[in-house]
Amino acid sequence: MSAQQGPAADLIIRNALVWGTDAPQDLAIFGGRYIAASESGIAGAQEIDAAGRLCIPGFVEPHIHLDKVLLAESVPVNRSGSLNEAIVILGERKATYTVGEIAERAGRIVTSAIANGVTHMRTHIDVDSGCGLVPIDALLEVRRRFAEVIDLQIVAFPQLGIVKDPGTAALLEQAMERGADVVGGMPFNEAGTADSAEHIRIAFEIAQAHDADVDMHIDETDDPNARTLEMLCEATVEAGWQGRVTAGHTCALAAYAQDYADHVIGLVAQAGIHMITNPATNLMLQGRDDDHPKRRGITRVKELLARGVNVSFGQDNLRDMFYPFGRDDPLELAWLTAHAAHMSQPDEIEAVFAMPTVNGARVLGLSDYGTEPGCAGDLVILDAYSAAAAITAKADRSYVIKRGRVVAQTETRTTHDLPVLAV
Ligand code: FE2
């Protein structure tokens with residue numbers, strides 16, 4: 001390598017097989033951003049040989065509830081396993097919330113997510129009359145603490161309703177003023193259609209006042225009569241917020257009759273709404289009370305993709321009263337999503353891999369996600385040579401690089417004295 005004038009880059013990654021390309025290439029990062037790595041080869045202050053392994057500009061986690069993570073350690077067991085009982089248990093636990101303990105729990109999961117290759121995250125944080133802005137303040141603290149190693153977007157999330165829970169509209173406004181990035185919502189959790197519409201109207205009013213995106217929990221129910229996805233589409237077009245609105249969960253879409261589902265998916269496509277499926281939580285929570293055959297609870301992923309809708313997935317809940325497992329590993333969730341959405345063909349597996357990468361970046365509105373010159377200098381080197389192999393093995397995140405700095409490394413080593421029958 002030639003370095004007559006000293007290092008020209010902070011970090012060079014040699015032989016990186018960037019997902020979506022055909023051949024390994026060298027990548028160069030300077031000042032926290034990608035620069036062109038000339039074919040003659042420039043030198044870096046630090047160099048890593050990716051050895052042809054698969055590289056991505058980081059995983060994007062678009063939907064996780066960091067204020068609730070790990071609450072299973074400190075609450076009664078959800079005996080029914082239902083969403084309703086979980087919300088009751090949560091309401092009682094909120095009386096003991098402090099900024100410090102929420103930040104401690106959230107910080108533990110942010111740390112493990114980074115080690116899992118997550119470079120960007122969007123988190124839904126409760127705002128209601130019970131907890132006030134304590135969880136928001138906690139996550140603002142977490143965002144400050146981890147600012148150098150992860151980009152964190154905070155959604156102000158009125159889980160208990162806006163009309164139903166008086167004072168919440170003002171709290172949402174205050175949350176945005178304090179530094180929340182995105183206006184959340186849960187319009188199905190209102191007393192009726194008119195209140196759901198008012199919930200959406202208020203959320204858009206606040207979003208427009210703050211020039212913020214909207215990301216709502218939509219129809220997290222098996223009830224085929226839930227209609228807030230259609231209402232969200234109408235509000236999005238009316239506000240001119242196409243491309244800036246995300247709908248999470250949308251379980252009812254799976255329960256709709258085919259003709260109505262087709263109609264609503266058309267509206268989602270027209271409104272440019274991003275869709276998030278959360279298969280871990282919703283496979284666990286939805287369909288519990290069905291007789292066989294039981295509904296699966298996850299939204300119509302393949303049908304949405306077929307209509308050109310941007311679909312990503314998230315962890316949602318993690319070791320709390322809603323869901324007992326999870327470690328915010330996008331490869332674990334990719335494996336689960338492929339199963340839950342019946343995505344088994346090679347091109348479908350690639351489509352699943354797009355969800356926590358390029359699709360998630362679109363949800364978060366990231367304009368500098370990629371490895372082209374000028375993009376943020378984020379990279380994850382996976383110990384695999386294809387997306388399918390990475391998902392199969394939950395491959396080690398060999399290196400996690402944030403703005404040109406290695407922030408985590410993983411190497412799993414197995415030794416054995418067995419004959420190798422197959423590789
Ligand atoms: Fe959620």
Side-chain angles (χ1 to χ4, degrees), residues 60-72 78 81-87 89-91 93-94 102 105-106 109 113 118 121-128 131 135-136 139 152-162 172 175 180-190 199 203 213-222 226 228-229 232 245-254 273-286 297-299 301 311-328 330 333 336-337 340 355-356 360 363-364:
V60 180
E61 165 56 83
H63 187 125
I64 185 169
H65 297 265
L66 281 176
D67 52 342
K68 302 181 178 103
V69 293
L70 304 173
L71 278 177
N78 179 351
S82 69
L83 182 65
N84 287 343
E85 185 174 344
I87 290 175
I89 294 171
L90 176 63
R93 178 62 173 77
K94 279 182 177 176
I102 296 171
R105 285 186 285 104
I109 296 307
V118 176
M121 187 181 271
R122 176 181 281 187
T123 183
H124 292 254
I125 302 304
D126 285 6
V127 172
D128 58 54
C131 62
I136 289 284
L139 265 295
L152 185 60
Q153 293 185 1
I154 297 171
V155 185
F157 174 41
Q159 181 169 34
L160 301 184
I162 299 177
L172 282 174
D181 305 281
V182 179
V183 180
M186 194 161 181
F188 189 66
N189 190 18
E190 294 287 2
H199 181 122
D213 288 1
V214 172
D215 191 334
M216 292 197 180
H217 282 59
I218 293 294
D219 299 338
E220 190 176 358
T221 172
D222 293 319
T228 64
L229 183 54
L232 183 71
V245 177
T246 299
H249 296 283
T250 64
C251 308
L253 178 59
I273 288 178
H274 309 286
M275 299 287 275
I276 307 283
T277 187
N278 299 293
T281 309
N282 287 133
L283 281 170
M284 194 65 85
L285 290 177
Q286 308 303 319
I298 81 152
T299 197
V301 174
V311 181
S312 186
F313 60 68
Q315 172 70 59
D316 196 28
N317 293 94
L318 188 153
R319 287 179 260 162
D320 58 16
M321 59 288 284
F322 297 87
Y323 182 72
F325 306 118
R327 51 200 191 98
D328 206 18
L333 295 170
L336 185 61
T337 301
M355 292 182 190
V363 173
L364 268 61

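In listed order, ligands and their atoms are each counted from 1. Every value quoted in this text rests on a predicted model; they were computed, and no experiment measured them.
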Inset, instruction - Output, by chain and residue number, all protein N/O/S atoms separated from the Fe ion (ligand 1) by less than 2.8 Å. - result: H63 NE2, H65 NE2, H217 NE2, H249 NE2, D316 OD1
Legend entry - Flag, side chain of E61 to backbone of Q315, donor-acceptor distance under 3.5 Å: yes
Legend entry - Under 3.5 Å donor-acceptor, R105 side chain and V69 backbone: yes
Inset, instruction - Could you tell me whether the side chain of T123 and the main chain of I154 form a donor-acceptor pair under 3.5 Å? - result: no
Inset, instruction - Could you tell me how the ring of H217 sits relative to the ring of H63: parallel (under 30°), tilted (30 to 60°) or perpendicular (over 60°)? - result: tilted
Inset, instruction - Could you tell me whether the side chain of E190 and the main chain of I162 form a donor-acceptor pair under 3.5 Å? - result: yes
Inset, instruction - Output yes when R122 and D181 qualify as a salt bridge under the 4.0 Å nitrogen-oxygen rule, no when they do not. - result: no
